[in-house]
Amino acid sequence: MVDRQTPHAGADRGGDFDAATGQETTGHEWDGIRELDRPLPRWWLWTFYATIVWAIGYVILYPAIPMVTSSTKGLLGYSTRGDVEQQIAAAKTAQAGKLEQIAQGSLEQIQNNPDLLRFAVSGGHSAFQVNCIQCHGSGAAGSPGYPNLNDDEWLWGGTLEDIYTTIRHGIRFTADPDTRSSEMPAFGADGILDRPQLAQVADYVLSLSGRQSQGVNLEPGKQIFADNCAACHGDNGQGNREVGAPALNTAIALYGSDRASILAQVTRPRHGVMPAWSTRLDEATLKELALYVYSLGGGEANKQQAAK
């Protein structure tokens, strides 16, 4: 960039020349300052030409130009998808031996093999992240309507076999004849109890976990509970895993533990559904998932283990 000068003899070549440098200008001018028309550096030009050659070569050899449903294939036939598929196939080949052991072995045998158990739990964690976090959360902490898998409260049992059965056959999944199933009557919506009775039993259920309201007479609700609820939930609200009836004597509740949530559940209960994963996952993955969930902290010993 130079200060503007009066064109000198160079003007006879038809251009606009800067008098101080003798260079032709581009004709651009800003506040009296004109731009010299200097050639581009050779290193920059060669680099630019090299990138053009590289780009042409890339387009010829690799997928590059998008088409309607795919892209040009390239002479090398390479694709990132194919590369990933090869890596997955190689990983499966390397894992095939252990996956076969998991598929063929019993849960107890896997538990007693530390190396195989570590492999299975790791695989279960991966399968959980793909199939289960949508409902149970990435940390398996659950949310209203979706059980927390980290605590000690289980609807259908917390032994390894119980967890495996639940995963395999699902809950209220009608396409599986062995699915776990239970249904609570709609005591309010179906007119089994009237409004005062619903409120009384809700107050009594609240009291089972030591959270009753002050001054509330619990006797009517206690009798209603005994007549209508104790058959499934137990006399003291301890629950019954045989029928998936939750314990009511803890502060943990699937759909909320406050009075309004309890009243809503007694009036018009909600019933969650879990798929039978045996229709979607192979045997090894089902066992890996069971072992992973069991390892989260709430898993219970089976009767034989507890007796030792």
Side-chain angles (χ1 to χ4, degrees), residues 106-108 110-111 124 128 132 135-137 140-187 201-202 204-211 222 225-257 261-262 265-266 269-278 286-308:
S106 69
L107 292 168
E108 185 177 4
I110 299 169
Q111 269 191 309
F128 189 89
C132 310
C135 294
H136 294 285
S143 60
Y146 304 99
N148 181 350
L149 304 178
N150 296 292
D151 60 28
D152 298 329
E153 290 296 324
W154 297 93
L155 290 170
W156 299 94
T159 68
L160 188 51
E161 287 290 347
D162 290 334
I163 296 170
Y164 171 78
T165 300
T166 300
I167 294 173
R168 182 176 185 80
H169 297 292
I171 298 171
R172 302 184 188 92
F173 191 73
T174 55
D176 188 321
D178 296 320
T179 190
R180 297 189 184 279
S181 185
S182 66
E183 187 167 345
M184 173 176 166
F187 288 100
V201 77
Y204 179 71
V205 169
L206 201 62
S207 75
L208 292 173
S209 56
R211 295 173 295 133
K222 183 178 181 180
F225 183 90
D227 295 339
N228 298 276
C229 314
C232 293
H233 292 283
D235 294 338
N236 300 311
Q238 70 272 24
N240 183 352
R241 293 177 177 177
E242 293 296 323
V243 294
L248 304 177
N249 56 1
T250 72
I252 299 174
L254 191 57
Y255 292 101
S257 58
S261 298
I262 294 171
Q265 187 66 8
V266 176
R270 290 165 285 181
H271 301 104
V273 175
M274 174 177 159
W277 289 100
S278 60
L286 292 174
K287 290 179 179 175
E288 287 178 339
L289 272 174
L291 288 159
Y292 171 70
V293 172
Y294 184 81
S295 74
L296 291 176
E300 300 171 343
N302 58 36
K303 293 180 180 178
Q304 289 76 19
Q305 291 171 324
K308 292 180 180 178

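The figures that follow rest on heavy atoms only: side chains count, while hydrogens, waters and symmetry mates do not.
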Minimal heavy-atom distance between Asp152 and Arg241, with the atoms involved, is O-NH2, 3.9 Å
Of all the heavy-atom pairs spanning His271 and Met184, show the shortest one and how long it is. NE2-N, 2.9 Å
Nearest 0.5 angstrom please: [X] [atom1] to [Y] [atom2], how far?
| X | Y | atom1 | atom2 | value |
| --- | --- | --- | --- | --- |
| Trp154 | Asn148 | CH2 | CG | 9.0 Å |
| Asp176 | His169 | CG | NE2 | 5.5 Å |
| Thr250 | Leu248 | OG1 | CG | 8.0 Å |
| Ser106 | Lys287 | OG | NZ | 7.0 Å |
| Tyr294 | Leu107 | OH | CG | 10.5 Å |
| His136 | Leu296 | NE2 | CG | 10.5 Å |

Apply side-chain contact (heavy atoms from CB on, under 4.5 Å) to Leu254 and list each qualifying residue two or more places apart in sequence or on a separate chain. Pro147, Leu155
How would you list, by chain and number, every residue that makes a side-chain contact (heavy atoms from CB on, under 4.5 Å) with Asp162, sequence neighbours excluded? Thr159, Arg180
Test side-chain contact (heavy atoms from CB on, under 4.5 Å) applied to Ser278 and Phe173, step by step: CA-CA 11 Å; Ser278 60; Phe173 191 73; over 6 Å; no
Using the side-chain contact (heavy atoms from CB on, under 4.5 Å) rule, take Cys135 and Met274 through it: C-alpha gap first, then chi angles, then the decisive distance, then the call. CA-CA 9 Å; Cys135 294; Met274 174 177 159; over 6 Å; no
Kindly indicate, with the supporting measurements, whether the criterion side-chain contact (heavy atoms from CB on, under 4.5 Å) is fulfilled by Phe225 and Leu208. CA-CA 11 Å; Phe225 183 90; Leu208 292 173; 4.1 Å; yes
Going by the side chain to side chain contact (heavy atoms under 4.5 Å, CB included) test, name the single residue among Leu289, Leu286, Leu291, Val293 that passes it with Tyr164. Leu286
Is the side chain of Asn240 donor-acceptor paired with the backbone N or O of Gly234 at a distance under 3.5 Å, no angle test? no
Residue pair Thr166 / Ile171, side-chain heavy-atom distance below 4.5 Å: yes
With sequence neighbours left out, what residues match Tyr146 under ring-ring contact (aromatic ring centres under 6.0 Å, His included)? none
